[in-house]
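Source: prediction; values computed, not measured. Numbered from 1 within each chain, the chains take letters A, B, ... in sequence-line order.
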Amino acid sequence: MKPVRDLPIEKLRHSLLDWYDAEGRDLPWRIRPEARAAGQIADPYAVWLSEIMLQQTTVPHATPYYFKFLDRWPSVHDLAAADEDEVLAAWAGLGYYARARNLIACARAVSAAGGVFPEAEKDLLALPGIGAYTAAAIRAAAFDLPASVVDGNVERVITRLCTIPEPVKTSKPEIRQIAAEIADPGRPGDYAQAIMDLGATVCTPRKPDCAGCPWSFACAARAEGHPEAYPVKAPKVAKPHKHAVGFAVFRGETIWLRKRPSRGLLGGMLEVPSTEWRTEKWSLTRARAAAPLDVQWAKRAIISHVFTHFSLEMAMWRAEAPTGWEPDEGGWHALGDVDQLALPSLMKKAVLGAL
DNA sequence: GAAGCGTGGTC
DNA sequence: TGACCAAGCTT
């Protein structure tokens, strides 16, 4: 790791906080500086909930889920007592479903310990679903305790400020060191939100607003004239394209769905039965042989879906269940309930596409 | 420590 | 329109 750069720490802190006091966003889970200064205290449960939902997720996507969860489970005890399938159903559509499983596990651990979220970083890190970023964010936003948050926004801001020439994967320790050095121990909560807001609204991936940036005076990438060159991108690997045939079996106004294994892709969520997901296409003959029922299938929509590490094309076939036939696993679900079920987006598209 | 893990919006 | 992107964690 290179030696710490000669940065105008105090000036950076002050200009960022001045900017945040005037320009910072007002988000549902956030306490604005004037409210914090007036003694308003954050609800650690609400802060934690928002941070888990916001992991790799945009504010507009997460916000309705945040309100839905707070309304339905107002306290950590309520969430801890909830049925796991109901929580997964409420999470459906938000993605990264391990977060929901960890959310329940974390709520139960905190509830069992009296319902009080820990303040110490090591205690926060010991909870399921809480890593380095989230532990720091909870310390800062919920408890106003010293912490250095390093998320994608902060990584972008720091790599530009210091023109760090390697991909983030390589330079992460250096980024953390610089971020921690600048972090303001006087107003930790406001500072953490300020630096993330800076990345989200000013130091954006494309077309950053350097003219409106409180750190432009010190920014090396700005001086170079090409702030968008940072962070340096790692070469990306092509994602495979997979094929499957999905089997929608209806009985009147119900459809056969089953639960996926509790770990792994879409873990614990509902699915329509399907062939293996593989890179080779499926012939009609092979797909028919792999079907859960030997009936006359009708072809319906072809569903395209993109996951993090592969894309999938699922041809939907449908059939009416023969009288007396029952699935060996899973069960019948009313079509009118599709929005209340633990259906990931792919499977919701599959069900609707098979109609 | 590299790989696995979703989704929807944007340009 | 396909590539890129968004407040990461776990194994």
Side-chain angles (χ1 to χ4, degrees), chain A residues 24-25 27-30 47-66 88 91-103 105-106 124-142 147-157 167-170 172-173 175-176 179 189 192-201 203-208 228 231 233-242 260-269 271 277 303-312 342-349:
Chain A
R25 292 179 294 177
L27 298 172
W29 42 85
R30 174 175 289 184
V47 170
W48 162 73
L49 183 63
S50 72
E51 292 298 344
I52 301 299
M53 288 183 168
L54 287 164
Q55 289 169 1
Q56 299 288 280
T57 305
T58 60
V59 167
H61 193 190
T63 298
Y65 287 84
Y66 170 79
L88 287 176
W91 195 277
L94 201 49
Y96 285 131
Y97 297 98
R99 290 185 296 169
R101 305 193 298 270
N102 286 331
L103 189 82
C106 183
L124 286 164
L125 286 171
L127 291 167
I130 298 182
Y133 161 75
T134 305
I138 291 173
R139 266 181 67 82
S148 174
V149 292
V150 180
D151 67 343
N153 287 308
V154 175
E155 287 170 354
R156 186 169 55 254
V157 169
V168 165
K169 191 189 301 184
T170 306
K172 197 149 195 135
I175 294 170
R176 286 184 193 284
Q193 296 177 340
I195 191 169
M196 289 190 286
D197 256 19
L198 185 69
T201 66
C203 193
T204 48
R206 281 170 298 212
K207 298 183 188 299
E228 290 181 70
K233 307 275 187 285
K236 52 175 52 71
V237 293
K239 53 176 72 173
H241 187 67
K242 298 190 180 185
R260 291 176 61 83
S262 57
R263 300 174 194 253
L265 185 70
L266 310 179
M269 303 294 285
E271 68 171 359
W277 302 4
I303 307 302
S304 294
H305 195 79
V306 180
F307 291 98
T308 307
H309 52 298
F310 67 93
S311 59
L312 176 70
L343 280 173
S345 292
L346 162 68
M347 296 302 170
K348 187 176 170 183
K349 285 194 283 184

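Nucleic acid contact for A/Val306: base, since at least one base atom lies under 4.0 Å from a heavy atom of the residue. Looking at heavy-atom distances under 4.0 Å, A/Arg156 makes contact with sugar-phosphate atoms alone, never a base. When heavy atoms are screened at a 4.0 angstrom cut-off, A/Leu103 is found touching no nucleic acid atom at all. Across all strands, A/Gly93 comes closer than 4.0 Å only to sugar-phosphate atoms, never to a base (heavy-atom distances). Residue A/Lys233 is classed as a sugar-phosphate contact, given heavy-atom separations below 4.0 Å to backbone atoms only. Nucleic acid contact class of A/Ala62 (heavy atoms, under 4.0 Å, all strands): none. Residue A/Trp91 is out of contact with every strand shown, counting any heavy-atom pair closer than 4.0 Å. If you check every strand for non-hydrogen atoms under 4.0 Å, A/Ile130 touches sugar and phosphate atoms only.
Here the side chain of A/Pro344 is nearest to one of C/dC5, B/dT7, B/dG6, namely B/dT7. The nucleotide whose nearest atom lies closest to any side-chain atom of A/Leu265 is, among C/dG8, B/dG8, B/dC5, B/dC5. Picking from C/dC9, B/dG8, B/dG6 the nucleotide with the shortest atom distance to the side chain of A/Ser345 gives B/dG8. The side chain of A/Lys169 approaches B/dA2 more closely than any other nucleotide in the set B/dC5, C/dC5, B/dA2. Here C/dG8 is the nucleotide among B/dT7, B/dC5, C/dG8 with the atom lying nearest to any side-chain atom of A/Gln55.
Where A/Thr58 and A/Leu127 each meet DNA chain C at their nearest nucleotide, the meeting point lying more 5' is that of A/Thr58. Of the two residues near DNA chain C, A/Gly129 and A/Arg25, the one whose nearest nucleotide lies more 5' is A/Arg25.
In this view, A/Tyr133 satisfies the ring-ring contact (aromatic ring centres under 6.0 Å, His included) rule with no residue, not counting sequence neighbours. Partners of A/Lys172 according to the side-chain hydrogen bond (donor to acceptor under 3.5 Å, both in side chains) rule, which considers only residues two or more places apart in sequence or in another chain, are A/Glu155.
Under 3.5 Å, the side chain of A/Thr57 and the base of B/dG6 form at least one donor-acceptor pair of N or O atoms. A donor-acceptor contact under 3.5 angstrom links the side-chain atoms of A/Thr308 to the base of B/dG6.
Dashed line: the shortest gap from a side-chain N or O of A/His309 to OP1 or OP2 of B/dC5 is under 4.0 Å. For B/dG6, neither phosphate oxygen OP1 nor OP2 lies less than 4.0 angstrom from any side-chain nitrogen or oxygen of A/His305. Using a 4.0 Å cut-off, some side-chain N or O of A/Thr134 falls inside it from OP1 or OP2 of C/dC9. The shortest distance between the side-chain N/O atoms of A/Tyr96 and the OP1/OP2 oxygens of C/dT10 is not below 4.0 Å.
Not a single donor-acceptor pair under 3.5 Å links the side chain of A/Arg139 to the backbone N or O of A/Leu124. Side-chain N or O atoms of A/Lys239 include none that pairs as donor or acceptor with a backbone N or O of A/Val306 at under 3.5 Å.
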Any protein N or O atoms within reach of nucleotides 9-11 of chain B? Criterion: under 3.5 Å, listing atom names and distances.
none

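B/dG6 and C/dT11 have their P atoms separated by 14 Å, given to the nearest Å.
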